[in-house]
Visitor: 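One structure, as structure tokens, below. Some questions next.
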Amino acid sequence: MIRIEHIGIAVKDLVAAEEIYTRLLGSASYKREEVESEGVITSFFSTGPNKIELLESTRPDGPIAKAIEKRGEGIHHIAFEVADIRAEMLRLKAEGFILLNEEPKRGADNKLVCFVHPKSANGVLVELCQEIVT
Ligand code: ZN
């Protein structure tokens, strides 16, 4: 794992949360992006070498809506940048971690992503992400 790439925060109202995080971080969101397959709209803030990703559900049965229903708003996942996502997936599997997707999938911000089940990481949903080089 190279570094923490971003922290994902589940929010009910993206516009209201953007306003709060703009004031908190002292700089505005630099990008909004919808990931239709995940049922989310995301908004990214940069904080030095790391990012904050706000996530609002676009449908009532989406993963973010469900997470908010269960635990309320707040930190949803921690994303680690990796150099080779397939190699990391194999390594983590061999270490006994439960992966939520068997193949890397396309996430927001031009990334291939894979999620690790929170029950295998002390209650934390972990995201692996690798920049897609085009
Ligand atoms: Zn993320």
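Only heavy atoms go into these numbers, but all of them, side chains included; no hydrogens, no water, no symmetry mates. Atoms within each ligand, like the ligands themselves, are counted from 1 in listed order.
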Visitor: Tell me, please, if His6 has any N/O/S atom, main chain or side chain, under 2.8 Å from the Zn ion (ligand 1)?
Guide: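 Checking His6: at least one N, O or S atom is under 2.8 Å.
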Visitor: Using modelled atom types and a 3.5 Å cut-off, is there a donor and acceptor pairing between side-chain atoms of Thr42 and backbone atoms of Glu33?
Guide: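 Here the side-chain-to-backbone pair exists.
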Visitor: Confirm or rule out an N/O/S atom of Cys129, from backbone or side chain, lying less than 2.8 Å from the Zn ion (ligand 1).
Guide: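 Checking Cys129: none of its N, O or S atoms is under 2.8 Å.
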Visitor: I'd like to check Arg3 versus Pro49 (side-chain heavy atoms, cut-off strictly below 4.5 Å). Are they in contact?
Guide: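 Sidechains of Pro49 and Arg3: in contact.
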Visitor: Once rounded to the nearest 0.5 Å, what's the spacing between atom CD of Glu73 and atom CG of Leu55?
Guide: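 Reported value, rounded in 0.5 Å steps: 11.5 Å.
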Visitor: Flag Asp109 as yes if one of its N/O/S atoms falls below 2.8 Å of the Zn ion (ligand 1), otherwise no.
Guide: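 Here the distance criterion (N, O or S atom, under 2.8 Å) is not met by Asp109, so no.
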Visitor: Heavy atoms only: give me the nearest Val126-Ala121 pair and the separation to one decimal.
Guide: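 The answer is CG2-CB, 4.1 Å.
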Visitor: For the atom pair CD (Glu131) and CD1 (Ile85), what is the distance rounded to the nearest 0.5 Å?
Guide: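 So the gap between those two atoms works out to 12.0 Å.
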Visitor: What is the name of the N/O/S atom of Glu127 that is nearest to the Zn ion (ligand 1)?
Guide: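 Restricting Glu127 to its N, O and S atoms, the minimum distance to the Zn ion (ligand 1) goes to OE1.
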Visitor: Restricting to N, O or S atoms of Glu53, which is nearest to the Zn ion (ligand 1)?
Guide: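 Looking only at N, O and S atoms of Glu53, the one nearest the Zn ion (ligand 1) is named OE1.
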Visitor: Under 2.8 Å from the Zn ion (ligand 1), can any N, O or S atom of Glu5 be found?
Guide: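 Checking the Zn ion (ligand 1) against Glu5, no N, O or S atom falls under 2.8 Å.
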